[in-house]
Amino acid sequence: MIETINEGIEVVSVCTNGKMHPLRLRWKGKVVNVKRVTGEWIKNEGEAKVYYYSILGENSDYFEICYDSRTLIWTLCRVWLEG
Amino acid sequence: MDAFFASVEQVFNPRYKGKALIVCGAPDRRGVVSTASYEARKHGVKAGMPLQEARFLCPHGIYVEGNPEKYVHVSLKLLEIYKDFTPIVEPFSIDEAFLDLTGTIHEGEAAKKGAMLIKKRIRDEFSLTASVGIAPNKYMAKMASGLEKPDGLVQIDSEDYRKIFWKRKVEELWGVGIKTAVALRRIGIDTIGDLAKFPVNILRAEFGINGEKLSDMANGKDDTPVVPYYEGVPVKSMGHEYTLSEDTDSLEKLEKNLLRLSDQVGRRLRQEGYFGDTVTLKLRNSAFVTITRQKKLAGYTDEDRVIFGVARGLFKENWKGEKIRLVGVSVSGLVKKGLSLPESLFKKDEKERKVLEVIDSLRNKFGENAIVRAGAMR
């Protein structure tokens with residue numbers, strides 16, 4: 001079941017062709033490798049943009065993360081953990 | 001697009017795949033179903049249905065809050081695909097578009113192959129399915145697109161249209177609701193074929209200007225062009241409505257919501273550069289009886305205060321003190337800014353306009369919730 005988290009996290013990402021690709025995230029000391037980005041979208045907060053990513057971890061855990069271009073902070077919004 | 005919002009959610013979160021998924025407002029609140037996945041539809045859940053009814057029909061369904069930004073983002077990406085096939089693309093809604101293939105390599109006989117390529121790209125790039133209708137005009141194409149949902153592809157001409165649709169009930173026509181169907185039955189029209197053959201002058205006498213339109217719809221006639229996205233489709237009205245968390249007869253609560261809705265409508269008018277001259281109030285009570293009342297203004301406006309004043313006046317005139325479930329405010333009679341308008345209307349409200357400019361600039365910079373009218377706070 002999906003759970004709302006809204007906690008700051010660390011994310012390793014690469015930027016290519018004007019697009020950001022999250023590769024790895026660390027939440028509560030645990031590192032999760034991104035298996036697949038299943039979707040992305042942008043939310044405008046006034047002049048700032050918040051970039052959202054839906055991602056699957058290696059063991060099919062689902063994470064929804066976002067990057068706020070105003071604060072430069074990554075946030076884990078929601079998760080659905082396997083098992 | 002097929003069950004667009006629900007399908008996007010299923011693609012973004014694969015845990016939802018194959019499940020009865022219902023996209024709605026906040027699931028812990030009341031409201032209506034925005035979109036139901038095909039799995040949920042098997043249980044009778046459909047768009048527009050109150051959530052309470054949906055939960056009764058599909059208690060095991062997964063209810064998720066819709067995310068407009070997500071769907072708009074995907075919709076704009078889909079538009080990019082369509083533009084690779086023709087520049088004449090008319091986005092009809094967030095999940096529907098008309099494409100004019102005239103003059104492209106996919107014209108005529110090649111249209112079906114073009115449609116297959118579009119469907120393939122949508123599937124490959126977004127894992128989504130679309131149902132496509134190909135026809136000589138927009139109305140027939142729209143009707144054809146609904147024939148083999150989901151993932152359909154149907155090409156028809158006028159003769160096919162008659163063969164396929166004339167035997168069907170009038171309510172299967174796109175744009176004919178239950179009320180119109182009942183009115184048509186009253187004059188002996190049951191099927192689309194009956195309507196197609198019915199004398200237009202009688203339809204006109206019965207339904208006014210819509211009488212002719214109804215006849216055209218039944219005959220698959222439509223000469224409206226595909227309006228390309230870059231020209232923009234003229235907007236007729238702008239409005240917002242809100243289902244309250246619980247039915248209420250509290251004047252304070254109802255006026256608070258009217259103020260918030262008026263504020264949102266005014267903001268949209270200014271953002272998109274429109275003035276309007278008619279304010280409409282919509283009220284739905286606990287018994288699901290809905291009324292809409294409107295008032296034409298002496299001039300044009302895009303100001304929250306003016307919209308709220310008229311909406312509140314209409315509310316006071318028409319509310320009988322019963323519990324209300326839904327309130328809505330809209331403004332119509334829109335004209336684009338820059339066209340000739342009565343100057344006096346704006347001169348006398350100079351102070352209010354300056355306040356609005358400040359509010360709008362704060363919202364543009366920091367987001368919609370950066371500043372909220374005290375009277376509209378929940």
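Bear in mind the structure is a predicted one, so any value in this text is a computation, not a measurement. Convention: sequence-line order gives letters A, B, ...; per-chain numbering from 1.
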Heavy-atom distances under 4.5 Å only: say whether Glu64(A) touches chain B with side chain, backbone, both or neither.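 Contact with chain B is through the side chain of Glu64(A) alone.
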Which answer fits Leu56(A), side chain, backbone, both or neither, if we ask what part of it has an atom under 4.5 Å from a heavy atom of chain B?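 For Leu56(A), side-chain heavy atoms alone lie under 4.5 Å from chain B.
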Keeping the roles fixed (side chain from Arg15(B), backbone from Ile2(A)), state whether a donor-acceptor pair exists under 3.5 Å.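 Pair absent, no side-chain N/O of Arg15(B) close to backbone of Ile2(A).
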Crowded around Glu246(B) CD? As in, over 12 foreign heavy atoms under 6.0 Å?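 At most 12 heavy atoms, drawn from other residues, nucleotides or ligands, come within 6.0 Å of this atom.
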Taking atom NZ of Lys77(B) as the centre, report whether more than 12 heavy atoms of other residues, nucleotides or ligands fall under 6.0 Å from it.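 No, because the 6.0 Å sphere around NZ of Lys77(B) holds 12 heavy atoms or fewer from other groups.
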When rounded to the nearest 0.5 angstrom, what is the spacing between CG in Leu76(B) and CD1 in Ile42(A)?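 Taking CG in Leu76(B) and CD1 in Ile42(A), the distance rounds to 9.5 Å.
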Inter-residue atom distance Asn67(B).CG - Lys43(A).NZ, 0.5 Å rounding: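 It is 7.5 Å, given to the nearest 0.5 Å.
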Are the side chains of Phe12(B) and Tyr53(A) in contact, using a 4.5 Å heavy-atom criterion?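 No - every pair of side-chain heavy atoms lies 4.5 Å or more apart.
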Please lay out, stage by stage, how Trp41(A) and Tyr71(B) fare under the test ring-ring contact (aromatic ring centres under 6.0 Å, His included). CA-CA 8 Å; Trp41(A) 71 100; Tyr71(B) 314 138; 8.9 Å; no
For Glu40(A) versus His73(B), what's the shortest heavy-atom pair and its separation?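 For Glu40(A) versus His73(B), the nearest heavy atoms are O-CD2, 3.0 Å.
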Neighbourhood of chain A inside residues 359-371 of chain B, taking heavy atoms under 4.5 Å as contact: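 When heavy atoms of chain A are the reference, residues 359-371 of chain B contributes Arg363(B), Asn364(B), Lys365(B), Phe366(B), Gly367(B) within the under-4.5 Å range.
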Within residues 4-36 of chain A, residues adjacent to chain B where the heavy-atom gap is under 4.5 Å: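 Within residues 4-36 of chain A, the residues that come under 4.5 Å of chain B (heavy atoms only) are Arg36(A).
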